[in-house]
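When a ligand or atom number is given, it counts from 1 through the structure's own listing order.
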Amino acid sequence: MPKVTLTFDNGPEPLVTPQVLDCLAQHDLKATFFVLGKKVIEPARARIAQRASADGHRIGNHTFTHTTPLGELDRTAALAEFDRTERALEWLLPAGAQPRRLFRPYGGSGALGPHLLHPAVVEKLEAGGYTCVLWNSVPGDWRDPDQWVNRALEDCRSRPWSLVVLHDLPTGAMAHLDEFIRRLFDDGVELTQEYPSDCVPLLDGKIVLPMAQYTSKP
Ligand SMILES: [Zn+2]
């Protein structure tokens with residue numbers, strides 16, 4: 001049975017994320033939300049992420065400003081992108097609301113490569129026992145808010161386990177999330193909150209895939 005893991009990046013957004021949470025609850029699905037530090041630092045948006053966490057979804061650090069991939073920043077700036085977001089998520093960690101500390105780098109329209117990570121951040125992820133979650137399916141919901149579902153379904157049919165990146169952003173794309181989920185079930189897909197191992201170069205602080213492909217030179 002093919003598997004699909006849903007992740008939602010770049011929120012929380014007050015006009016979108018609660019609807020995404022309602023939709024996932026209707027289908028009894030759990031996902032992961034990779035949030036931006038600059039957003040979740042606002043109390044109203046933090047409350048949305050807290051609701052997601054309480055609903056059983058996982059919350060991960062997706063950088064603070066989400067403007068330049070970490071591998072293209074200097075050491076200080078790269079570490080700040082990570083640390084400032086961790087501080088905005090401090091409410092999450094002591095509660096033990098989720099089993100893992102999660103990080104997803106900013107790719108720039110979903111590109112994978114050595115621009116993703118800075119070696120100083122990799123050290124930090126190792127020392128802190130973080131799990132780094134990448135992706136293998138970026139259907140471009142933000143580019144094509146009304147047409148992304150067919151492309152996403154096609155892509156999910158092309159591999160045994162897809163880790164899909166969607167965006168809880170006010171583009172209109174999430175109005176079609178319910179249809180996407182229904183059609184995945186029609187396809188006989190198993191929806192899971194876990195991650196395929198080829199998308200996880202670091203697991204609980206241990207490097208499990210060659211990191212050079214995702215890390216800039218020091
Ligand atoms: Zn992003």
Side-chain angles (χ1 to χ4, degrees), residues 4-21 24 31-42 45-46 48-49 52-53 57-73 77-89 92 98 100-118 121-122 124-125 130-145 148 151-152 155-156 162-174 176-177 180 193 195-196 199-202 213-216:
V4 169
T5 303
L6 297 179
T7 61
F8 297 90
D9 286 12
N10 302 8
E13 282 291 337
L15 298 178
V16 183
T17 311
Q19 278 89 332
V20 168
L21 292 172
L24 293 172
T32 307
F33 290 79
F34 288 98
V35 301
L36 301 190
K38 70 179 177 187
K39 291 186 178 177
V40 82
I41 203 164
E42 296 173 22
R45 293 181 192 243
I48 297 169
S53 178
H57 304 291
R58 298 176 188 161
I59 310 296
N61 176 337
H62 186 41
T63 76
F64 195 85
T65 67
H66 196 265
T67 47
T68 306
L70 299 187
E72 295 171 8
L73 294 171
L79 287 171
E81 286 286 336
F82 179 82
D83 289 335
R84 293 174 76 193
T85 307
E86 283 305 290
R87 282 200 292 280
L89 288 173
L92 184 67
Q98 58 183 24
R100 293 197 161 122
R101 300 167 127 192
L102 300 172
F103 177 71
R104 167 174 279 174
Y106 165 55
S109 299
L112 292 167
H115 63 291
L116 287 181
L117 292 165
H118 188 283
V121 173
V122 173
K124 197 127 205 181
L125 296 172
Y130 283 83
T131 294
C132 179
V133 182
L134 303 178
W135 53 84
N136 60 19
S137 179
V138 183
D141 57 304
W142 75 94
R143 264 194 297 257
D144 199 3
W148 63 272
R151 196 168 48 249
D155 195 50
C156 289
S162 296
L163 202 175
V164 181
V165 180
L166 299 174
H167 298 83
D168 48 332
L169 289 173
T171 60
M174 289 303 95
H176 306 287
L177 178 62
F180 179 49
Q193 197 178 21
Y195 315 116
C199 295
V200 180
L202 242 105
Q213 59 187 326
Y214 304 125
T215 312
S216 61

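Remark: of the listed residues His115, Glu81, His118, Glu81 is the sole one forming a side chain to side chain contact (heavy atoms under 4.5 Å, CB included) with Leu73.
Among protein atoms, those of element N, O or S found less than 2.8 Å away from the Zn ion (ligand 1) are Asn10 OD1, His62 NE2, His66 NE2.
The shortest distance between side-chain heavy atoms of Phe8 and Met174 falls below 4.5 Å. You'll find the side chain of Asp83 stays beyond 4.5 Å of the side chain of Phe64, heavy atoms only. For the pair Gln19/Leu177, no side-chain contact is recorded, criterion being any heavy-atom separation below 4.5 Å from C-beta on. Residues Phe82 and Leu70 have side chains not in contact (no heavy-atom distance under 4.5 Å, counting atoms from C-beta outward).
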Exercise for review: Give the C-alpha distance, both sets of side-chain angles, the deciding distance and a yes or no for side-chain hydrogen bond (donor to acceptor under 3.5 Å, both in side chains) between Ser216 and Glu72.
Suggested key: CA-CA 7 Å; Ser216 61; Glu72 295 171 8; over 6 Å; no
